[in-house]
Chemist: 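Could you have a look at this structure, given as C-alpha cells, before my questions?
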Amino acid sequence: MLSKSLILTLTTALAPIVWGTTYIVAAELLPPERPLLAALLRSLPAGLLLLLLLVRRLPRGQWWWRSAVLGVLNIGLFFALLFVAAYRLPGGVAATVGAVQPLLVALFASRWIGERLTGRKLAAGTAGMAGVGLLVLQAQARLDAVGVAAALGGAVAMAAGVVLTKKWGVPDTLLAATSWQLIAGGVFLLPLALLVEGPPPALTGINLAGYAYLSLIGSALAYSLWFRGLHRLPASSAALLGLLSPVVAAAAGWLLAGQALSPGQCLGAAVVLGALVLAGPAGRALRKKPIGGENSSTLGKRLQFGKSLRCKPAAISQTGGKTDKAERNAISRRG
C-alpha cells in the first residue's frame with residue numbers, strides 16, 4: 001500500500017508532467033508569434049472559472065497584495081517568459097534550460113525561509129548548470145539568445161514564487177490561492193499582451209482546443225496539485241519534481257514533432273537530470289543505506305539486542321547458583 005507521502009509526491013509530480021507538454025502544444029496548436037496571448041488565455045479564464053464555480057470569495061487584508069505578487073511571479077511573468085522560450089526554442093532545450101530552477105529555489109530558500117543550503121545542493125546545482133552549458137553549446141538546432149534568456153528568467157521568477165508561496169503559507173484554501181494567483185497573473189498579462197501583440201487574431205478550432213487544454217489541464221488542475229504539494233513538501237523537494245518537465249518536453253518533441261537531439265544535448269540533459277535527481281529524496285536514501293542493506297539505526301538495535309542476550313545467561317547462572325546454595329543450606333539444616 002502506498003504511503004501518504006508517496007501519494008503526495010506522485011500527485012504533485014503530475015503538475016510538471018503536464019507542464020512539459022506546453023511546448024509541443026504551443027508549437028503545434030497555437031497561432032504563431034503570440035506568446036503573451038497564450039499566457040493570458042492560459043491563466044485568466046482558468047482563474048475566473050475556479051473563482052466563480054468553486055471558490056466564490058475574494059482575498060482579505062494582506063492577501064490582496066500577496067496574491068498579486070505571487071500571481072505575477074508564479075503565473076504572469078513566468079507564463080510570458082515560458083511562451084517566449086517555447087516559441088523561440090525547441091521544447092526540450094527550453095525546458096532543460098529551466099532545470100536550473102531547483103538550484104535557485106535552494107538559494108532563495110536558504111535566505112528567505114531558513115532552509116539549509118548544503119554542499120550537496122550546491123554541487124548538484126553546479127553540475128546542472130554545466131549540463132545546461134553542454135546542452136546549449138552543442139545543440140544542432142538554432143538557439144536564440146532571447147529564447148535562452150526567457151527560459152532562465154522564467155526559472156528565476158518561478159523559483160522566487162515557489163519560496164514566497166512556502167513562506168507566506170495558505171491564506172484560505174488551496175483552490176482559493178490558486179484562483180487568486182491565476183487571476184492576478186492574467187490581469188498582469190492583459191495590458192501587456194494588447195500593447196505588445198495587439199488584438200487577438202481569428203482563432204481556429206485547433207487553436208481553441210490548444211488554449212482549452214492549457215487553461216483547464218495545464219493551469220487549473222496542474223496548479224491546484226502543485227500548490228497542494230508545495231505547501232506540504234520542502235521547497236527544494238518540490239522544485240526537484242520540476243525536472244520531469246524537460247523529460248516530458250523532450251520526449252514529446254521527439255515523438256510528435258520529429259525534433260532531433262544531438263549526443264551533446266543528450267549528455268547535457270543527462271547531467272542536469274542526474275545531478276538534481278540524486279540531490280533529491282532518492283539520492284539521500286541511497287547514501288544513508290550502507291552495505292548489507294541495513295542502516296545504522298537498525299544495526300545498532302541488533303547489536304544492543306545481542307548484548308542483552310549475552311547478558312541473560314550470566315544472570316540466570318548467578319541466580320541459579322544462589323538458588324542451589326540456598327537449597328543446600330536448607331537440606332543441611334534439616335539433616
Side-chain angles (χ1 to χ4, degrees), residues 5 8-20 22-23 70 73-75 77-78 81-82 85 91-136 148-167 222-223 225-250 267-287:
S5 61
L8 176 62
T9 301
L10 292 176
T11 54
T12 307
L14 290 176
I17 289 175
V18 171
W19 294 335
T22 297
Y23 306 95
L70 294 177
L73 292 175
N74 285 325
I75 310 296
L77 184 59
F78 174 68
L81 295 174
L82 174 72
V93 175
T96 310
V97 169
V100 300
Q101 181 186 321
L103 174 62
L104 298 173
V105 169
L107 292 173
F108 294 160
S110 68
R111 300 298 300 271
W112 298 348
I113 59 176
E115 285 192 7
R116 189 162 167 255
L117 183 61
T118 63
R120 171 181 54 82
K121 294 178 181 179
L122 290 175
T126 303
M129 288 189 292
V132 171
L134 287 172
L135 180 71
V136 173
V148 173
L152 291 173
V156 173
M158 187 66 170
V162 163
V163 178
L164 288 178
T165 299
K166 187 76 174 176
K167 178 182 178 65
Y223 269 96
L225 296 174
W226 175 252
F227 288 134
R228 175 176 175 267
L230 183 58
H231 284 294
R232 300 182 183 183
L233 295 171
S236 56
S237 298
L240 285 167
L241 295 176
L243 292 175
L244 292 172
S245 182
V247 174
V248 173
L267 176 61
V271 171
V272 172
L273 294 175
L276 296 177
V277 168
L278 287 177
R284 290 194 298 269
L286 288 174
R287 285 190 297 274

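Everything numeric here is computed off the predicted structure, so don't read it as measured data. Side chains included, hydrogens not; waters and symmetry mates left out as well; all remaining heavy atoms used.
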Chemist: Tell me whether Lys167 contacts the main-chain N or O of Trp112 through its side chain, where contact means a donor paired with an acceptor under 3.5 Å.
Modeler: yes
Chemist: What's the separation between atom CZ in Phe227 and atom OG1 in Thr12, rounded to the nearest 0.5 Å?
Modeler: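 Separation between the atoms: 12.0 Å.
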Chemist: Report yes if the side chains of Leu10 and Leu14 come closer than 4.5 Å at any heavy-atom pair, otherwise no.
Modeler: no
Chemist: Nearest 0.5 Å, please: how far is OG1 in Thr165 from CH2 in Trp226?
Modeler: 10.0 Å
Chemist: Looking at Ala239 and Pro102, what are the two nearest heavy atoms and their distance?
Modeler: O-CG, 3.6 Å
Chemist: Do you know the tightest heavy-atom contact between Leu230 and Ala238?
Modeler: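 The pair with the smallest heavy-atom distance is CD1-CB, 3.9 Å.
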Chemist: If you compare all heavy atoms of Gly153 against all heavy atoms of Leu81, which two are closest, and at what distance to 0.1 Å?
Modeler: C-CD1, 3.4 Å
Chemist: Nearest 0.5 Å, what's the CG-CG distance between Leu117 and Leu107?
Modeler: 5.5 Å
Chemist: Hey, what do you get for CE (Met158) to CG (Leu73), rounding to the nearest 0.5 Å?
Modeler: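 Going from CE on Met158 over to CG on Leu73, the span is 10.0 Å.
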Chemist: How far does CG of Leu233 sit from CG of Leu8, to the nearest 0.5 angstrom?
Modeler: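 If I round to the nearest 0.5 Å, the distance is 4.5 Å.
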Chemist: Closest heavy-atom contact between Val162 and Asn74?
Modeler: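 Heavy atoms only, the tightest pair is N-OD1, 3.6 Å.
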Chemist: Minimum heavy-atom separation for Ala85 and Ala150, please, with both atom names.
Modeler: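 Nearest heavy atoms, Ala85 then Ala150: N-CB, 4.0 Å.
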Chemist: To the nearest 0.5 Å, what is the distance between OG on Ser236 and CZ on Arg116?
Modeler: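 The OG atom of Ser236 sits 12.0 Å away from the CZ atom of Arg116.
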